[in-house]
Amino acid sequence: MASTLCSSFISRAIIILLVYLSASSNNLAAKHTYSASHHHRHHNHSPFPNPKLQQAYNALQAWKRVIYSDPCNFTSNWVGPEVCKYSGVFCAPPPYDKKIKVVAGIDLNGADIAGFLPDELGLLSDLALIHLNSNRFCGILPETLANLSLLFELDLSNNRFVGPFPYVVLSLPSLQYLDLRYNEFEGPLPPQLFSKSLDAVFVNNNRFSNAIPSNFVGSSASVVVFANNNLEGCLPPSISNFANTLEELLLTNTSLSGCLPPEVGYLYKLKVLDVSNSNLVGPIPYSLAGLAHLEQLNLAHNMMSGIIPMGVCILPNLENFTFSYNFFCEEEEICQNLTSNGIAFDDRR
């Protein structure tokens with residue numbers, strides 16, 4: 001389900017880009033009025049239609065110089081001033097000036113490029129999306145990314161980025177979609193990550209450690225994936241602050257310990273809950289019986305005990321319930337024959 005929802009986000013990327021950039025923004029208009037009018041008054045023989053595209057040219061040429069491997073020749077046409085014709089580069093009018101075009105999106109997904117991200121990327125201040133999925137980019141993120149005040153989607157997944165959590169992403173005021181999975185980031189997750197108005201947070205398959213931040217205040221994400229990190233400690237009760245938005249929560253293989261808090265049952269929009277392959281103990285909270293939209297529930301490979309509550313087994317949308325390899329002692333009524341209710345289940349011990 002997480003991968004399906006992720007694909008949905010990516011497939012809508014260009015639509016989001018165009019809609020987002022076409023939205024009016026009075027603050028941005030005020031900010032850029034002098035600059036735009038100043039540039040329109042001066043006529044020169046520059047090969048660039050506007051200074052923004054010249055900045056983009058400088059940034060992309062600097063990036064090309066630190067690309068060390070491009071086996072598909074994806075960036076072979078990154079030459080000359082017509083940056084809007086470069087492979088993977090998308091241009092659109094910015095919200096503050098409909099008469100010009102700027103570089104508004106970069107999509108290098110699956111290009112298998114090796115290199116790193118130069119400081120000059122901060123010159124691309126009109127970017128609404130960056131998609132670098134499935135490449136071999138390495139190193140740390142430049143602090144100049146803080147200049148990308150319009151950035152809506154940032155997908156750095158399946159690369160070789162290293163270092164602590166890239167705090168620079170927390171300074172991006174428009175960011176809604178953050179995908180850092182399948183890299184080599186390490187250390188703790190910052191509490192500030194969950195006070196931003198992000199719609200999707202993918203930090204799985206890194207080397208993050210320490211406890212999951214406990215201040216889920218003002219959280220608005222519909223998808224949060226912590227899986228395959230060394231995140232110890234308990235799932236904080238403040239997870240209930242996601243109640244109005246969260247649909248998928250994946251914590252598999254995180255070394256999570258303690259009991260599953262009853263506040264998980266307050267996540268009334270939840271469709272997928274996976275806490276498998278961790279160190280959870282104690283009973284299944286009966287509050288889970290209130291998750292009427294839940295479709296996938298995976299509690300396998302923990303040390304949970306007690307009974308399997310009937311209220312969970314009769315959830316109206318439940319399609320798959322896995323509770324194998326725990327220490328449950330009893331299954332109430334219909335829980336003993338979930339297949340009769342059309343539910344795929346695994347209760348091995």
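Note: hydrogens, waters and symmetry copies are ignored here, and every other heavy atom, side chains too, is used.
- Between E184 and R207 a salt bridge is recorded (basic side-chain N to carboxylate O distance below 4.0 Å).
- A donor-acceptor pair is defined here as one N or O able to donate and one able to accept, closer than 3.5 Å; no such pair exists between the side chain of T245 and the backbone of S222.
- Counting heavy atoms from C-beta outward, L127 and V103 have side chains that approach closer than 4.5 Å.
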For the pair V79 and K64, evaluate side chain to side chain contact (heavy atoms under 4.5 Å, CB included) and give the outcome as yes or no after the intermediate values.
-> CA-CA 10 Å; V79 293; K64 188 175 181 180; 3.7 Å; yes

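- Across L267, V264, L249, a single residue satisfies side-chain contact (heavy atoms from CB on, under 4.5 Å) together with F242, and that is L267.
- In this structure the side chain of L189 never reaches within 4.5 angstrom of the side chain of N210, judged on heavy atoms.
- Around atom CZ of F74, more than 12 heavy atoms belonging to other residues, nucleotides or ligands sit under 6.0 Å away.
- Inspection of the S276 and T252 side chains reveals an N or O donor paired with an N or O acceptor under 3.5 Å.
- Taking 4.5 Å as the limit, some side-chain heavy atom of L193 sits within range of a side-chain heavy atom of L170.
- Between the N183 side chain and the R181 main chain, a donor and an acceptor come within less than 3.5 Å of each other.
- Other residues, nucleotides and ligands contribute at most 12 non-hydrogen atoms within 6.0 Å of the CD atom of E82.
- Between F137 and F161, the ring planes are parallel. Angles under 30° get that label, and only those over 60° would be called perpendicular.
- Side-chain contact between I130 and D155 is absent, with no heavy-atom pair separated by less than 4.5 Å.
- Residues L180 and V168 are members of one and the same hydrophobic cluster, defined by side-chain heavy-atom contacts under 4.5 angstrom among Ile, Leu, Val, Met, Phe, Trp and Tyr.
- By the criterion of side-chain heavy atoms lying less than 4.5 angstrom apart, applied directly or through intervening Ile, Leu, Val, Met, Phe, Trp or Tyr residues, Y268 is not grouped with Y266; the two fall into different hydrophobic clusters.
- Distance alone, capped at 3.5 Å, is enough to place a donor-acceptor pair between the S238 side chain and the S214 backbone.
- Side-chain contact between E232 and S209 is absent, with no heavy-atom pair separated by less than 4.5 Å.
- Taking the six-membered ring where the residue is Trp, Y167 and F165 present perpendicular rings, their angle passing 60° and hence far from 30°.
- The backbone N or O of A292 lies less than 3.5 Å from a partner atom in the side chain of N317, making a donor-acceptor pair.
- Below 30°, between 30° and 60°, or above 60°: for F208 and F185 the angle between ring planes is below 30°, a parallel geometry.
- There is no side-chain donor-acceptor pair under 3.5 Å between N302 and Y325.
- The backbone N or O of P262 lies less than 3.5 Å from a partner atom in the side chain of S287, making a donor-acceptor pair.
- If you check the side chains of S255 and N230, you find a donor sitting under 3.5 Å from an acceptor.
- Counting only heavy atoms from C-beta outward, the side chains of Q296 and D274 never approach each other to under 4.5 Å.
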Given the rule in the side chain to side chain contact (heavy atoms under 4.5 Å, CB included) test, do L315 and F321 qualify, once you have shown the distances and angles that lead to the verdict?
-> CA-CA 10 Å; L315 285 170; F321 182 16; over 6 Å; no

Steps toward disulfide (SG to SG under 2.5 Å) verdict (C259, C234) = CA-CA 7 Å; C259 296; C234 301; over 6 Å; no

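- In this pair, W78 and Y86 present their aromatic rings parallel. The plane angle is below 30°, not in the 30 to 60° band.
- N206 and N229 share no side-chain donor-acceptor pair at under 3.5 Å.
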Evaluate the criterion side chain to side chain donor-acceptor pair (under 3.5 Å) for residue pair S125 and N147; output intermediate values, then yes/no.
-> CA-CA 6 Å; S125 56; N147 296 335; over 6 Å; no

